[in-house]
Protein chains: 2
Amino acid sequence: MARKIGSHSEITGPRVRQAALTLFARHGYAAVSMRQIAAEVGVQAGALYNYTADKQALLFDLMQTHMKDLLVALDACSDTGNALRRLETFSRFHIRYHLDRPDLVFIAYMELRNLSDENFAAVEALRGRYEARLRDILTQGIDERAFSVPDVKVASMAIIAMLTGITTWYREEGRLSRAEVEEIYWQMVRKAVSA
Amino acid sequence: MARKIGSHSEITGPRVRQAALTLFARHGYAAVSMRQIAAEVGVQAGALYNYTADKQALLFDLMQTHMKDLLVALDACSDTGNALRRLETFSRFHIRYHLDRPDLVFIAYMELRNLSDENFAAVEALRGRYEARLRDILTQGIDERAFSVPDVKVASMAIIAMLTGITTWYREEGRLSRAEVEEIYWQMVRKAVSA
DNA sequence: GATTGAAATGAACAGACGTTCAGATACTTT
DNA sequence: AAAGTATCTGAACGTCTGTTCATTTCAATC
């Protein structure tokens with residue numbers, strides 16, 4: 001046997017990335033073998049190398065794409081009002097976007113140390129650009145005398161850590177709806193930086 | 001060659017755990033081999049099995065001990081004043097304890113999925129007891145009309161995520177001292193739950 | 001100084017790892 | 001219908017994995 005019936009790269013390619021995403025998120029990059037990924041897709045391990053240079057590239061592709069998409073989505077919904085309004089938009093966007101992609105968030109968070117040096121630098125740069133968006137908002141809020149934060153850098157890290165942490169406990173079938181969680185967290189963020 | 005000069009279990013034992021701790025934190029449990037740990041200690045891989053049943057037990061021992069120590073240390077410094085005072089004590093304790101043990105915190109956070117089912121349950125139970133301490137404080141604060149939090153469970157998760165996140169960016173040689181970081185974060189926590 | 005027990009070696013085990021590649025098969029184009 | 005190309009198999013590669021164990025060495029006890 002060789003080529004399978006109905007096999008196409010535009011079908012198998014995404015399925016490889018999806019399988020890698022799911023498995024990496026569940027067991028961790030180092031704990032997942034290429035043979036496991038292949039089994040999930042329904043091919044032999046060798047076939048994966050039609051879609052990725054190697055295992056490392058598979059991880060990097062997932063993380064880089066995620067960070068780029070995150071930035072594009074953020075910029076697409078950012079508004080230009082006052083700082084409080086912008087912070088609310090940012091907070092709600094962050095929660096929604098991350099709750100929609102728990103596996104990608106988990107990987108982007110946990111697998112940084114499994115990236116090669118140059119791949120790490122690339123992802124870290126994208127992460128830095130995202131954090132800079134929040135720092136801009138906080139700086140504006142200080143100028144407007146609307147916020148009281150002793151250190152913009154620290155506050156931005158604190159807010160992002162708090163919001164991203166939702167993905168570690170939120171369950172779709174849980175006690176609270178997304179809208180409720182979003183509201184609770186936004187109120188905490190708002191008060192945390194309030195003057 | 002066999003037994004080495006000056007070898008003692010009371011020396012090698014802790015060194016095995018220390019090496020495992022450092023390597024697990026840096027590369028992840030799955031990415032570290034028993035031979036790497038042994039090399040760090042300066043013995044052959046087989047010698048590790050005088051100190052641990054297997055690799056899994058090494059991870060579980062680190063995590064369980066960490067969580068138990070955390071609970072003991074928390075209870076040792078907890079006070080019985082009003083909720084605001086108790087929350088401040090908790091927040092400052094959490095920051096200090098975690099900044100002192102970045103590797104343990106990292107592992108307790110990241111390697112949960114590499115625990116066997118029963119080991120996971122044991123660690124998760126200890127984690128739950130720690131979170132319960134914070135929930136108690138928040139509940140008291142609501143009773144005292146000192147706090148305004150719409151959901152105690154969610155607020156406790158948000159606070160812990162925010163505080164624990166410090167370990168992901170704090171550097172000893174960085175711009176801010178521990179005391180400064182502690183103060184900034186405590187003010188954010190205080191405001192976030194304020195009435 | 002002989003005996004004993006703890007502590008470590010070093011080789012071995014069977015299996016899994018990432019990756020490569022010649023060859024087989026299915027689809028597309030001519 | 002034939003030729004060509006994209007896709008996948010299946011086997012192989014060298015290396016590494018966690019773990020076991022007979023053997024050896026060191027340190028303490030008698």
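By convention in this document, chain letters (A, B, ...) are assigned in the order of the sequence lines, proteins followed by strands, and residues within each chain are numbered from 1. Since this is a predicted model, take the numbers as computed values, not measurements.
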Would you please say whether a donor-acceptor pair under 3.5 Å links the side chains of Tyr130(B) and His94(B)?
yes
Go through the side-chain N and O atoms of Glu144(A) and Asn82(A) and say whether any donor and acceptor fall under 3.5 Å apart.
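Side-chain D/A pair, Glu144(A) to Asn82(A): absent.
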Which class fits the ring pair Trp169(B) and Tyr185(B): parallel under 30°, tilted 30 to 60°, perpendicular over 60°?
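Plane angle under 30°, so parallel.
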Is the phosphate of [N], meaning OP1 or OP2, less than 4.0 Å from a side-chain N or O of [X]?
| X | N | answer |
| --- | --- | --- |
| Lys4(A) | dA26(C) | no |
| Thr12(B) | dA8(C) | yes |
| Tyr51(B) | dA7(C) | no |

Integer-rounded Å distance: [N] [atom2] and [X] [atom1]:
| X | N | atom1 | atom2 | answer |
| --- | --- | --- | --- | --- |
| Gln44(A) | dT20(C) | CD | P | 17 Å |
| Leu58(A) | dT19(C) | CG | C1' | 14 Å |
| Ile11(B) | dA7(C) | CD1 | P | 11 Å |
| Asn50(B) | dT19(D) | CG | P | 14 Å |
| Leu59(B) | dG18(D) | CG | C1' | 15 Å |
| Leu48(A) | dT19(C) | CG | P | 10 Å |

How many angstroms lie between CG in Asp69(A) and OH in Tyr97(A), if you round to the nearest 0.5 Å?
4.5 Å
Mind listing the residues from residues 112-122 of chain B sitting with a heavy atom below 4.0 Å of DNA chain C? Number order is fine.
none
Do side-chain atoms of Glu111(B) reach the backbone of Tyr29(B) as a donor and acceptor pair under 3.5 angstrom?
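Judged by distance alone, yes, a pair lies under 3.5 Å.
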Checking the side chain of Arg127(B) only, and the main-chain atoms of Ala108(B) only, is there a donor and an acceptor separated by less than 3.5 Å?
yes
Mind listing the N/O atom pairs, protein and nucleotides 13-17 of chain D, below 3.5 Å?
residue: dT17(D); atom: OP1; partner: Ser33(B); partner atom: OG; Å: 3.2

For residues 179-195 of chain A, which residue pairs qualify under salt bridge (charged side-chain N to carboxylate O under 4.0 Å, His left out), counting only residues two or more places apart or in two chains?
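Only Arg92(A)-Glu182(A), Arg92(A)-Glu183(A), Arg96(A)-Glu182(A) qualify under salt bridge (charged side-chain N to carboxylate O under 4.0 Å, His left out).
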Selection from dG18(C), dC8(D), dT9(C) that lies nearest to any side-chain heavy atom of Tyr49(A)
dG18(C)
Leu112(A) side chain near Met63(A) side chain, heavy-atom distance below 4.5 Å:
yes
Does Arg86(B) make a cation-pi contact with Phe90(B) (under 6.0 Å, within 45 degrees of the axis)?
no
